[in-house]
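First the proteins, then the strands, lettered A, B, ... as listed; each starts at 1. Only this structure's heavy atoms are used, side chains among them; waters, hydrogens and symmetry mates stay out.
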Protein chains: 2
Amino acid sequence: MNPTIHDVARQANVSISTVSRVVNQPLAVRKEKRDRVLQAIEQLGYEPNPFASGLRDRATKTIAAMIPDITNPFYAELFRGIEDIAREQKNNVIICNTDQDEARFLEYMSYFKKKKIDGLIFVSAAVTDAHHATFAELQVPVVLAATDGERFGLPYVKVNDYAAASDAASFLIKNGHRSIGVISGPADDPIAGIPRLAGFRDALAAYGLPHGANAVAYGTYDFDSGYEAMRKLYGTMPELTAVFAASDAMALGAMAFLQRRGMEVPRQISIIGFDNISLSRMVTPALTTVAQPVYEIGKQAAAMLFRRIGNPQDEAQSLVLGHEIVVRDTVWNRN
Amino acid sequence: MNPTIHDVARQANVSISTVSRVVNQPLAVRKEKRDRVLQAIEQLGYEPNPFASGLRDRATKTIAAMIPDITNPFYAELFRGIEDIAREQKNNVIICNTDQDEARFLEYMSYFKKKKIDGLIFVSAAVTDAHHATFAELQVPVVLAATDGERFGLPYVKVNDYAAASDAASFLIKNGHRSIGVISGPADDPIAGIPRLAGFRDALAAYGLPHGANAVAYGTYDFDSGYEAMRKLYGTMPELTAVFAASDAMALGAMAFLQRRGMEVPRQISIIGFDNISLSRMVTPALTTVAQPVYEIGKQAAAMLFRRIGNPQDEAQSLVLGHEIVVRDTVWNRN
DNA sequence: TTGTAGGCGTTATCAC
DNA sequence: GTGATAACGCCTACAA
């Protein structure tokens with residue numbers, strides 16, 4: 001049996017209210033008594049029972065993280081950032097794999113309406129009207145990670161996808177490539193689809209390079225779709241010397257396609273990915289890619305959430321973190 | 001504000017105890033009233049407040065999963081199995097990344113002693129005396145996943161590592177290999193180190209094949225250590241035609257070393273891994289490996305845990321799940 | 001079979 | 001500045 005507030009009170013020879021005050025508003029208690037209480041707490045190893053507090057205040061010391069799939073290394077690492085901050089704050093984080101499934105999402109949300117949570121971090125998927133409405137019902141702070149919230153005024157932490165994709169294009173161009181294909185995310189994905197494609201294309205255009213429809217294939221960020229997209233792309237644009245993929249997994253898929261067709265990467269075709277997942281350095285040749293500070297995104301999102309939980313009127317300032325190109329072995333210098 | 005038991009009672013015109021009974025022991029209530037109550041529950045969307053129940057019964061509807069690192073795809077998938085069962089049981093699972101760090105482990109455990117959990121799943125790491133002692137203090141059921149508990153009488157769900165490694169050896173031998181190297185886990189790891197090495201060596205011995213110290217290098221299951229181990233192994237045993245690695249990540253490391261040295265896999269050197277992580281099909285050539293039913297291990301471990309939580313005297317029957325060899329492209333048939 | 005009442009540990013409100 | 005006390009919502013003796 002854990003010690004309760006009563007045990008501490010008895011030990012310190014004060015009332016339970018005093019103990020409670022020492023814990024919650026230490027300044028309101030005369031120093032002398034406060035020290036006595038503190039000492040008793042220390043001795044007994046007292047910690048407030050979260051159920052009792054929860055029952056009274058409905059604060060749960062629990063946040064939820066909604067993630068497409070923890071099995072995906074990108075999300076796993078982002079989650080680590082969240083978890084590390086939550087642990088610092090002595091909070092639990094309960095993890096929700098949505099599998100991008102609407103029903104699953106709703107199931108979790110209705111669950112949260114009963115069994116309260118203090119806040120929510122929504123990772124990576126585009127926010128729809130339906131999502132937004134559900135968030136509002138929840139009545140707790142919501143922070144977005146690796147996705148955009150401008151449209152709904154939701155605070156977010158992410159990278160500038162447009163600029164990052166644009167940098168990828170410049171990098172390829174600087175390495176002497178002129179015929180460049182793109183494996184994009186879904187054409188209607190406002191997060192990692194549209195902006196990355198636009199950023200990349202605009203950069204090509206700025207250099208006066210072709211960037212027509214035949215230079216783009218679409219995938220769904222995973223390995224298999226990258227493999228398939230590469231097949232299509234190669235069909236419509238056999239002269240290409242480089243490919244930009246909007247995710248590392250797709251880049252790996254593209255690479256697998258090419259290698260299995262007997263083509264040499266990067267000598268014949270160069271590839272640059274996006275994300276810098278841990279696998280990207282494990283393949284041969286190691287993948288050159290645009291790195292997002294994934295772990296940091298998770299950390300900052302969590303920090304922002306706790307700031308808002310502590311102070312609900314805090315007008316959270318969204319964060320755009322920097323990206324960088326990690327140069328490994330899949331881009332050939334043609335100059 | 002969510003409806004409480006009182007609201008339901010009023011609506012159904014019964015006392016709160018009747019409502020409580022309907023929820024907890026439906027058989028003890030006359031059918032007529034029961035139906036009325038059920039209807040009221042339905043109408044109001046009543047769900048018991050978990051804090052109130054928690055406060056009374058100290059049941060938290062929360063289990064913990066101790067995992068070396070959720071960023072590792074193997075653990076991530078195992079965790080998915082755990083989570084899926086937990087959700088079925090309307091439990092939360094809080095995830096603890098130990099990073100194999102003792103201090104971190106203890107921090108979590110002491111945290112759990114305060115803020116109770118209903119049960120614990122300990123994944124993958126070898127159980128030490130210290131661990132075991134700490135488990136005992138916790139006073140809640142503990143189940144082991146992907147690790148052994150015989151020594152302490154702890155129930156576990158795992159694969160037969162010895163037999164699986166032995167099968168890997170047979171597979172290589174059947175494909176005509178005679179000079180075979182091993183990249184083992186740590187020599188003192190009783191879980192995935194010792195048994196996999198022993199199983200593999202014993203199989204070689206059974207075929208009258210050499211299996212001396214020069215045919216083994218040791219790693220720590222990760223990519224880099226596999227890379228390094230392959231370098232050593234190749235130094236001591238340049239005649240080898242095949243390598244067994246005790247983890248896929250090490251197999252990938254080994255493969256990277258060979259490929260970067262200009263060697264062809266599998267034509268010159270074959271590789272077989274262990275785990276069947278998702279990456280193994282993404283590399284080229286795709287990795288042949290011994291598959292563990294990871295997701296299933298997580299599921300079964302969780303199911304076992306909930307069985308024991310429900311019935312503490314349940315003498316949990318440990319489970320040994322089957323393995324299989326997933327044949328892809330890294331083993332050359334020399335016959 | 002059903003209802004009443006007490007207590008789980010905390011915090012906040014009110015007196016003092 | 002401090003202490004008693006009333007909730008918070010649930011469950012379960014115990015009484016009826």
Discussion item. How many whole angstroms separate atom NZ of B:Lys33 from atom P of C:dT1?
Written reply: 11 Å
Worksheet item: A:Lys61 has an atom NZ; how far is it from atom C1' of C:dT10, in whole Å?
Response: 14 Å
Discussion item. Using OP1 and OP2 only, check whether a side-chain N or O of A:Thr18 sits under 4.0 Å from D:dG3.
Written reply: yes
Fill in: Proximal nucleotide (of D:dC10, C:dT10, C:dG3) relative to the B:Thr4 side chain
D:dC10
Discussion item. Between the opening five pairs and the closing five pairs of the helix from C:dT1-D:dA16 to C:dC16-D:dG1, how far apart are the helix axes, to 10°?
Written reply: 50°
Worksheet item: What's the shortest heavy-atom distance between A:Ile5 and A:Tyr46, and which atoms?
Response: N-CE1, 3.5 Å
Item to complete: Using a 4.5 Å cut-off on heavy atoms from C-beta on, say whether the side chain of A:Val159 contacts that of A:Pro293.
Response: yes
Worksheet item: Rounded to the nearest Å, what distance is computed from the NE2 atom of residue A:His6 to the C1' atom of nucleotide D:dG3?
Response: 12 Å
Worksheet item: Can you check the B:Arg36 CZ to C:dT2 P distance for me, whole Å?
Response: 9 Å
Fill in: Non-hydrogen side-chain atoms of B:Tyr75 and B:Asn97 separated by less than 4.5 Å
no
Discussion item. Measure CG/A:Asp7 against P/C:dT10 and give the value in whole Å, please.
Written reply: 9 Å
Discussion item. In whole Å, I'd like the distance from the CG atom of A:Asn13 to the P atom of D:dT2.
Written reply: 13 Å
Filtered N/O pairs between nucleotides 12-14 of chain C and protein, under 3.5 Å:
residue : atom : partner : partner atom : Å
C:dA12  : O4'  : A:Arg56 : NH2          : 3.1

Worksheet item: Does some side-chain heavy atom of A:Leu38 sit less than 4.5 Å from a side-chain heavy atom of A:Arg34?
Response: yes
Discussion item. Do A:Arg21 and A:Lys33 have side chains that approach each other closer than 4.5 Å (heavy atoms only, starting at C-beta)?
Written reply: no
Worksheet item: Can you tell me how far CG of B:Asn92 sits from SG of A:Cys96, rounded to the nearest 0.5 angstrom?
Response: 8.0 Å
Worksheet entry | Inter-residue atom distance B:Tyr221.OH - B:Asn72.CG, 0.5 Å rounding | 12.0 Å
Worksheet entry | A:Val14 and A:Val22, any side-chain heavy atoms less than 4.5 Å apart | no
Worksheet item: With sugar-phosphate meaning primed atoms plus P, OP1 and OP2, does B:Leu55 contact a base, only sugar-phosphate, or nothing at under 4.0 Å between heavy atoms?
Response: base
Please tabulate, for side-chain N and O atoms in residues 133-140 of chain B, each donor-acceptor pair with protein atoms closer than 3.5 Å (sequence neighbours left out).
residue  : atom : partner  : partner atom : Å
B:Thr134 : OG1  : B:Ala130 : O            : 2.6
B:Glu137 : OE1  : B:Lys113 : NZ           : 2.7

Discussion item. In whole Å, I'd like the distance from the CG atom of A:Leu27 to the C1' atom of D:dT2.
Written reply: 16 Å
